[in-house]
Participant: 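I'd like to ask some things about the structure below.
Everything numeric in this text was worked out from a predicted model, so none of it was measured. Letters go in sequence order (proteins before strands), and every chain restarts at 1. Worth knowing before you read on, the calculation uses all heavy atoms, side chains too, and leaves out hydrogens, waters and symmetry mates.
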Number of protein chains: 2
Amino acid sequence: MSTKNKILDAADVLFANKGFNGTSLREITSQANVNLAAVNYHFGSKKELIKAVMSRYMDELSPRLESALSLICQAELKPTLHEVFSAFIGPLLHLNEFKENGTSTFLQLLGRGYTDSQGFLRWFLTTQYPDVFTNFTKAVNIAYPELSAEEIFWRLHFTMGTIVFTMSSSEALIDIAQNDFDNKLDIAGVIERVIPYVAAGVGAPITKNEPLSLV
Amino acid sequence: MSTKNKILDAADVLFANKGFNGTSLREITSQANVNLAAVNYHFGSKKELIKAVMSRYMDELSPRLESALSLICQAELKPTLHEVFSAFIGPLLHLNEFKENGTSTFLQLLGRGYTDSQGFLRWFLTTQYPDVFTNFTKAVNIAYPELSAEEIFWRLHFTMGTIVFTMSSSEALIDIAQNDFDNKLDIAGVIERVIPYVAAGVGAPITKNEPLSLV
DNA sequence: AACTAGTTTAAACACCTGTTTAAAATAGCG
DNA sequence: CGCTATTTTAAACAGGTGTTTAAACTAGTT
């Protein structure tokens, strides 16, 4: 295996578990059994390595997601929100074949990207992969046309939060659930449970903008 | 103002914006106009400072939350999920009177705590303030008794994720929304929009545990 | 005024960070 | 083989990290 890939494989697991700031190049290179200077030689800088790690996943995910969503949109009958969100399942779980624990690793990375390093990764993703967002918005709009663009914006970000946050701590949550409820669950099981939640959330009835009553 | 409080006031804003790992003691102490060694003198270590920052908010929030939830639970008629979640609004917004931008600062800190530093803050919160979780679970159970304990567990953590993640990036999201939709929104406005979402999510119909169909 | 306990200060500690350098090793090709 | 281009290596770099130290300073009390 090439040095470049050895670095990427070691980096994405460490980044997912300990964050971008929390992972040093020395950890990555010693885990990957390569020289410390290899990162700067092959990627230029740590920041570029982070981009490369995310791009490897996005390039695998983004086309599959796009075709799954366009399939939904072009169907004869109007899709339900549940169907729109279910379109994510296949592409996301495919990351597990692409790399071991790929799905949860990627979603953890996504979560890190939104909080670590002051949102430079959010900028990177929205500018490099804008289609993912617009396609998703379109699909939701078809499934629930009464929702204004602004409502969609907010509810999609709420959904983002639900998914990303859940997956960031999915290992810990699965452990707790296993202890408390004796119910063995994997990442697919968590996704299965979160889909009805976010579908119902996005599909919530529209509320008028009234001033809040401070109870 | 005491040195201790000067440190806490500077620390929580910096921690919220840049994360715990991303904020150095030198940033904190120079922002607070105190000597570098003051943190270790008054708090012992950086880790203890983090706990102190969180405790200051939790001690302000937790009793108000508890009484709001128990008020809901003891009411004559069964509360709706929307009412259960609305019980959070008052106590959360009160943090704004406790400290400027207290609400969003606290929620950002909560988000940081769940991802930074490998979940030691989650352990700290769940062991130090367990009542918040159990009271909340009870209230949801009254509002939606058909939900099994395990379903409640998952949906509450989904909700946690929605709130915490949204608030972690609330400033950025509010900026985007302001540019794209010319709709001025503050933290209270975001809360107002997220409540129907999480209420609908938690109130989603119960799904049987079928194996996933990989579309 | 003298002693004490609490606090603040500047300096140093040992260690870790991302990055760069120049020499050594490797591979590809005529 | 000999030459070239690519890659790997160990070492050093400049700067940042949390923490500790011992001296200086500040009240408060007798």
Participant: For the pair Asp12(B) and Thr105(B), evaluate side chain to side chain donor-acceptor pair (under 3.5 Å) and give the outcome as yes or no after the intermediate values.
Facilitator: CA-CA 7 Å; Asp12(B) 68 357; Thr105(B) 302; 5.9 Å; no
Participant: Provide, to the nearest angstrom, the distance between the CG atom belonging to Leu49(B) and the P atom belonging to dT17(D).
Facilitator: 15 Å
Participant: Please name all residues satisfying side-chain hydrogen bond (donor to acceptor under 3.5 Å, both in side chains) with Arg26(B), sequence neighbours left out, ordered by chain then number.
Facilitator: none
Participant: Can you tabulate the close N/O pairs, meaning under 3.5 Å, that link protein atoms to atoms of nucleotides 26-28 of chain C?
Facilitator:
none

Participant: Do we see a donor-acceptor contact under 3.5 Å between the side chains of Ser104(B) and Ser170(B)?
Facilitator: no
Participant: Would you mind checking if Glu60(A) and Arg56(A) are paired as a salt bridge, meaning a charged N to carboxylate O distance below 4.0 Å?
Facilitator: no
Participant: Round to the nearest Å and state the distance from Ile7(A) atom CD1 to dT9(D) atom P.
Facilitator: 11 Å
Participant: Side chain of Thr3(A): nearest nucleotide among dT19(D), dT8(D), dT17(C)?
Facilitator: dT8(D)
Participant: Using Watson-Crick or G-U wobble pairs with both distances under 3.5 Å, give me DNA chain D in dot-bracket, 5' to 3', with [ ] for crossers and | for pairs to another strand.
Facilitator: ||||||.||||||||||||||||.||||||
Participant: Give one of base, sugar-phosphate or nothing for Thr29(B), where a contact means two heavy atoms less than 4.0 Å apart.
Facilitator: nothing
Participant: I'd like to check the side-chain hydrogen bond (donor to acceptor under 3.5 Å, both in side chains) partners of Asn5(A); sequence neighbours left out, ordered by chain and number.
Facilitator: Ser2(A)
Participant: The criterion is side-chain hydrogen bond (donor to acceptor under 3.5 Å, both in side chains); which residues satisfy it with Asn35(A), sequence neighbours excluded?
Facilitator: none
Participant: Do Glu150(B) and Asn183(A) pair up side chain to side chain, a donor and an acceptor below 3.5 Å, judged on atom types alone?
Facilitator: yes
Participant: With a 3.5 Å distance limit and no angle check, can you tell me whether Lys99(A) reaches the backbone of Tyr57(A) through a side-chain donor-acceptor pair?
Facilitator: no
Participant: When we call it a touch if two heavy atoms are under 4.0 Å apart, what does Ser2(B) touch: a base, just sugar-phosphate, or nothing?
Facilitator: nothing
Participant: Among residues 35-42 of chain B, which residues get a heavy atom nearer than 4.0 Å to DNA chain C?
Facilitator: Asn35(B), Ala37(B), Tyr41(B), His42(B)
Participant: Please give, in whole Å, the distance from dT17(D) P to Lys47(B) NZ?
Facilitator: 19 Å
Participant: What is the distance, rounded to the nearest whole Å, between atom CG of Leu14(A) and atom P of dT17(C)?
Facilitator: 12 Å
Participant: Is there a side-chain polar atom (N or O) of Ser24(A) under 4.0 Å from OP1 or OP2 of dT17(C)?
Facilitator: yes
Participant: To the nearest angstrom, how far is Phe43(A) atom CZ from dT7(D) atom P?
Facilitator: 12 Å
Participant: Give, for atom CZ of Phe165(B) and atom NE2 of His157(A), the distance between the pair rounded to the nearest 0.5 Å.
Facilitator: 8.0 Å
Participant: Within this structure, what is the NZ-to-C1' distance between Lys46(B) and dT17(D), rounded to whole angstrom?
Facilitator: 8 Å
Participant: Classify the angle between the aromatic ring planes of Phe158(A) and Tyr197(B) as parallel (below 30°), tilted (30 to 60°) or perpendicular (above 60°).
Facilitator: perpendicular
Participant: Between the base of dG18(D) and the side chain of Arg26(B), is there a donor and acceptor pair under 3.5 angstrom?
Facilitator: yes
Participant: Please say whether more than 12 non-hydrogen atoms of neighbouring residues, nucleotides or ligands are located less than 6.0 Å from NZ in Lys6(B).
Facilitator: yes
Participant: Between dG18(D), dT8(D), dG18(C), spot the one nearest the side chain of Leu25(B), thanks.
Facilitator: dG18(D)
Participant: Just how far, in rounded Å, is P of dG18(C) from CG of Asn21(B)?
Facilitator: 12 Å
Participant: May I have the distance from Ile28(B) (atom CD1) to dG16(D) (atom P), rounded to whole angstrom?
Facilitator: 16 Å
Participant: Is the side chain of Asn96(B) donor-acceptor paired with the backbone N or O of Thr103(B) at a distance under 3.5 Å, no angle test?
Facilitator: yes
